[in-house]
Amino acid sequence: MAAPEAWRARSCWFCEVAAATTMEATSREAAPAKSSASGPNAPPALFELCGRAVSAHMGVLESGVWALPGPILQSILPLLNIYYLERIEETALKKGLSTQAIWRRLWDELMKTRPSSLESVTCWRAKFMEAFFSHVLRGTIDVSSDRRLCDQRFSPLLHSSRHVRQLTICNMLQGATELVAEPNRRVLETLASSLHTLKFRHLLFSDVAAQQSLRQLLHQLIHHGAVSQVSLYSWPVPESALFILILTMSAGFWQPGPGGPPCRLCGEASRGRAPSRDEGSLLLGSRRPRRDAAERCAAALMASRRKSEAKQMPRAAPATRVTRRSAQESLTAGGTDLKRELHPPATSHEVPGTKRPTSALAATSSASSSTSSYKRAPASSAPQPKPLKRFKRAAGKKGARTRQGPGTESEDLYDFVFIVAGEKEDGEEMEIGEVACGALDGSDPSCLGLPALEASQRFRSISTLELFTVPLSTEAALTLCHLLSSWVSLESLTLSYNGLGSNIFRLLDSLRALSGQAGCRLRALHLSDLFSPLPILELTRAIVRALPLLRVLSIRVDHPSQRDNPGVPGNAGPPSHIIGDEEIPENCLEQLEMGFPRGAQPAPLLCSVLKASGSLQQLSLDSATFASPQDFGLVLQTLKEYNLALKRLSFHDMNLADCQSEVLFLLQNLTLQEITFSFCRLFEKRPAQFLPEMVAAMKGNSTLKGLRLPGNRLGNAGLLALADVFSEDSSSSLCQLDISSNCIKPDGLLEFAKRLERWGRGAFGHLRLFQNWLDQDAVTAREAIRRLRATCHVVSDSWDSSQAFADYVSTM
């Protein structure tokens with residue numbers, strides 16, 4: 001009896017509250033109700049009036065609303081604003097109610113965008129709140145414009161922050177300054193625990209204040225937070241200082257910017273400042289000040305810079321030369337006096353063994369005002385790169401030589417080293433690399449003479465780094481290589497169209513050094529570029545040799561390398577330790593994806609990689625061309641003999657019209673579970689003879705589960721021949737079939753469906769029909785799809801076949 005009495009009590013309470021709180025609302029709407037009671041603006045029903053009243057007084061009635069019975073609560077949910085709708089989610093789930101439809105409607109009405117067809121939204125509440133957070137942060141949505149978004153009792157940023165899993169920072173770092181401001185401290189603390197992915201898109205040049213805010217933001221989200229992935233997209237002209245800041249912070253290194261407050265999460269304030277020269281020496285494990293690797297690299301880089309500037313402007317001003325000479329002498333002498341001027345000796349000593357979150361950047365100490373004046377001195381009449389322009393503005397007045405005050409710090413030497421180097425041509429890049437880092441002969445694979453990162457303690461770092469269309473200059477490439485050599489927490493690295501050029505050799509040396517580190521976790525590497533100094537197969541061999549523990553390797557080169565044309569003058573080969581003739585040791589590759597440039601590929605090189613990859617489970621070859629069908633057969637024979645664990649095999653944009661016997665050999669492989677021939681021109685020659693042979697091979701294969709044949713001009717005749725795979729005398733277990741873009745007409749599809757019905761085969765999984773000519777007879781197409789859905793899950797689209805008229809003529 002207690003439960004019914006409680007239910008009646010709550011229902012009565014709801015009616016009393018609704019009646020008491022809607023008297024005024026009812027009287028206000030009484031007048032318009034008399035004149036338009038029968039029109040579209042008729043007053044809402046009594047229950048809706050009550051719900052609106054309760055929603056408007058949720059600050060007082062919230063706990064009582066949570067206790068309402070499910071049927072009443074279900075009618076109130078659509079009337080709540082987003083804050084109370086989010087708060088009541090858990091209670092609604094306990095009562096068997098779902099708010100997903102409400103959140104989806106809010107998305108359609110307020111965000112007014114359609115999610116990507118490739119995106120599968122599992123929780124509309126989280127998706128809405130994450131997008132709402134970004135819009136409020138950027139100021140692109142007015143919360144006061146809609147009653148569902150406005151509530152003075154809640155902070156939009158704070159309330160939605162716990163749903164944010166990925167955050168995108170665009171243009172001039174909008175939002176970074178707002179997030180590190182003191183009023184949003186709780187927002188940042190919430191983001192530190194909820195945010196997993198940080199993305200940068202279309203970055204522009206930023207000022208010193210924005211970079212300082214970004215430094216603090218990255219420190220809290222990465223070093224003290226849960227961010228595990230940093231991605232940079234479309235940055236045509238990277239700003240050197242900003243790019244290096246993002247890289248070093250992502251790698252776990254932290255140094256407060258000039259005048260920046262100490263981090264309250266790092267403990268005592270001394271842990272957040274840059275160490276003095278003596279402290280740096282202690283961190284490096286030496287009892288006396290010594291000239292570290294950063295200073296040696298700075299001296300070499302500046303010497304090379306002076307050499308090139310002297311060629312461009314032989315009559316440079318004497319005062320400028322004196323200034324640069326003094327800066328160079330200070331660095332080559334070890335910079336002891338310079339450091340003591342900037343950082344007086346510490347008055348207190350740290351207890352041995354005390355943890356200090358100092359990066360190697362801090363351990364090498366800071367650059368002086370003299371060196372800053374060197375940076376600001378004009379090198380020649382030629383314009384400087386844009387990143388240097390922004391850095392000069394941030395450094396101060398031109399030619400100024402001042403001591404650093406107590407409230408500021410000198411620019412980091414690490415930033416200084418790579419910013420003064422400037423953009424170089426390919427030949428000049430190799431010259432600098434040889435001067436600063438030694439010849440690329442593998443003698444120093446740990447990154448080529450740059451500061452020793454292992455000497456300093458590191459903060460937490462990310463595990464996934466992605467660089468998409470971010471050109472890497474010499475400075476940026478050296479920085480990335482240096483960080484990678486000891487970035488043991490990195491699990492996945494993506495470098496897509498970064499213009500590496502000859503820097504690929506430095507990258508390979510860094511990856512080899514990283515592979516030798518204890519606890520190296522790098523298991524996935526995705527590399528793509530327009531050009532490569534190495535042919536793609538030699539590059540693949542070098543990567544597999546450098547990273548034997550790699551599990552996933554995806555590599556693509558769009559255009560042939562110069563080494564593919566040995567007759568080109570001045571075409572020097574790579575270092576000997578990069579491309580050795582020795583056999584590749586056994587590796588742990590499980591997934592290999594390769595996109596080839598145009599031109600015949602040497603099959604023996606590919607076979608050598610396959611032979612060393614005994615654990616390979618998935619292989620994808622895109623645009624691969626071989627000198628003869630025999631070479632392609634050699635690759636398939638190698639797969640059969642050495643890659644017994646191979647389950648998925650994919651070929652895309654390959655001319656296999658002359659390799660029909662090799663395709664039949666492949667279809668008879670009893671270890672493969674999925675094969676893809678995408679736009680491979682399979683049925684271009686002898687279709688009447690080849691199709692029955694192909695069907696016979698598939699009928700005898702009981703292990704093949706999926707077959708994808710998009711873009712092979714199968715046509716109606718080919719589809720009907722393929723239907724025999726599902727006949728009663730077939731032992732095939734095929735359950736996924738993709739016949740997209742195959743010039744299939746509605747009548748052929750209908751006959752295919754009837755044959756499946758006649759043979760009585762049960763549901764065989766998925767059938768993909770994208771971009772076929774089903775619009776030529778919509779009625780027949782609908783009937784065919786209706787019949788097919790009784791045996792499989794059909795995925796199709798609405799496609800205008802008139803765009804494919806030329807393809808239609810070719811199949812007549």
Name the atoms and distances for all side-chain donor-acceptor pairs under 3.5 Å in residues 546-553, with sequence neighbours left out.
none

Output a table of donor-acceptor pairs, distance under 3.5 Å, between side-chain atoms of residues 682-694 and any protein atom two or more places apart or on a different chain; print 'none' if there are none.
from: Glu684; atom 1: OE1; to: Arg681; atom 2: NE; distance (Å): 2.8
from: Glu684; atom 1: OE1; to: Arg681; atom 2: NH2; distance (Å): 3.2
from: Glu684; atom 1: OE2; to: Arg681; atom 2: NH2; distance (Å): 3.0
from: Lys685; atom 1: NZ; to: Asp658; atom 2: OD1; distance (Å): 2.7
from: Arg686; atom 1: NE; to: Gln660; atom 2: OE1; distance (Å): 3.4
from: Arg686; atom 1: NH2; to: Gln660; atom 2: OE1; distance (Å): 2.9

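Using a 4.5 Å heavy-atom threshold, the side chains of Asn742 and Leu719 count as separate. Looking only at side-chain heavy atoms (C-beta outward), Cys680 and Asp653 stay at 4.5 Å or farther from each other. The closest side-chain heavy-atom distance from Phe726 to Thr791 is not below 4.5 Å. Side-chain atoms of Leu527 and Ile543, non-hydrogen and from C-beta on, do get closer than 4.5 Å to each other. Residues Leu769 and Asp797 are not in side-chain contact: their nearest non-hydrogen atoms beyond the backbone lie 4.5 Å or more apart. Between Leu788 and Leu749 there is a side-chain heavy-atom pair separated by less than 4.5 Å. Side-chain contact between Val227 and Thr197: absent, with no pair of heavy atoms (C-beta onward) separated by less than 4.5 Å. The shortest side-chain heavy-atom distance between Leu722 and Met698 falls under the 4.5 Å cut-off.
Applying the ring-ring contact (aromatic ring centres under 6.0 Å, His included) test to pairs two or more places apart or on separate chains, those with a residue in residues 525-545 are Phe531-His559.
Of all heavy-atom pairs between Glu783 and Leu750, the closest is CG-CD1, 3.9 Å. Closest non-hydrogen pair, Thr703 versus Asn669, comes out as OG1-O, 4.1 Å. Across Trp799 and Asn772, no two heavy atoms sit closer than the pair CE3-O, 3.3 Å. Heavy-atom minimum distance, Leu525 versus Leu511: CD2-CD1, 4.1 Å. Closest of all the heavy-atom pairs between Arg556 and Ile536 is CA-CD1, 4.4 Å.
Side chains of Ser489 and Ser463: no donor on one and acceptor on the other come within 3.5 Å.
Of the possible donor and acceptor atoms, none in the side chain of Trp773 sits under 3.5 Å from a partner among the backbone N and O of Ser741. Checked by atom type and distance alone, the side chain of Asn498 never pairs as donor or acceptor with a backbone atom of Pro471 at under 3.5 Å. For the pair Ser740 (side chain) and Phe770 (backbone), a donor-acceptor distance under 3.5 Å is present. With Thr676 contributing its side chain and Ser678 its backbone, the two residues share no donor-acceptor pair below 3.5 Å. Distance alone, capped at 3.5 Å, places no donor-acceptor pair between the Asp529 side chain and the Tyr497 backbone. Proximity of a side-chain donor or acceptor of Trp235 to a complementary backbone N or O of Leu203 within less than 3.5 Å is detected. Between the side chain of Asn701 and the backbone N or O of Ser732, no donor-acceptor pair lies under 3.5 Å. Although no hydrogens or angles enter the test, the distance criterion places no donor-acceptor pair under 3.5 Å between the side chain of Asp724 and the main chain of Val695. For Ser608 (side chain) and Leu605 (main-chain N/O), a donor-acceptor pair under 3.5 Å exists by modelled atom type. A donor-acceptor pair is defined here as one N or O able to donate and one able to accept, closer than 3.5 Å; no such pair exists between the side chain of Gln618 and the backbone of Lys647.
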For the pair Ser796 and Leu774, evaluate side chain to side chain contact (heavy atoms under 4.5 Å, CB included) and give the outcome as yes or no after the intermediate values. CA-CA 9 Å; Ser796 183; Leu774 304 183; 3.9 Å; yes

Please lay out, stage by stage, how Ser702 and Ser731 fare under the test side-chain hydrogen bond (donor to acceptor under 3.5 Å, both in side chains). CA-CA 6 Å; Ser702 60; Ser731 60; 5.7 Å; no

Quick one: do Glu466 and Ser231 satisfy side-chain hydrogen bond (donor to acceptor under 3.5 Å, both in side chains)? Show the steps, please. CA-CA 4 Å; Glu466 297 178 339; Ser231 303; 2.7 Å; yes

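Between Tyr233 and Phe468, the angle of the ring planes stays under 30°, which puts this pair in the parallel group of the 30/60° scheme.
In this structure, Asp747 does not pair ionically with Lys754, as no charged nitrogen and carboxylate oxygen lie closer than 4.0 Å. Note on Glu674 versus Arg708: salt bridge recorded, some NZ/NE/NH1/NH2 to OD/OE distance being below 4.0 Å. Remark: Asp509 does not engage Arg506 in a salt bridge, criterion side-chain N to carboxylate O under 4.0 Å.
Partner of Cys607 under the side-chain contact (heavy atoms from CB on, under 4.5 Å) criterion, out of Leu639, Thr638, Leu537: Thr638 alone.
Taking the six-membered ring for Trp, Phe626 and Phe596 have ring centres at least 6.0 Å apart.
The local environment of CD in Gln637 is crowded, with over 12 non-hydrogen atoms from other residues, nucleotides or ligands closer than 6.0 Å. For Lys699, the NZ atom is densely surrounded, since the number of other residues' heavy atoms within 6.0 Å is greater than 12.
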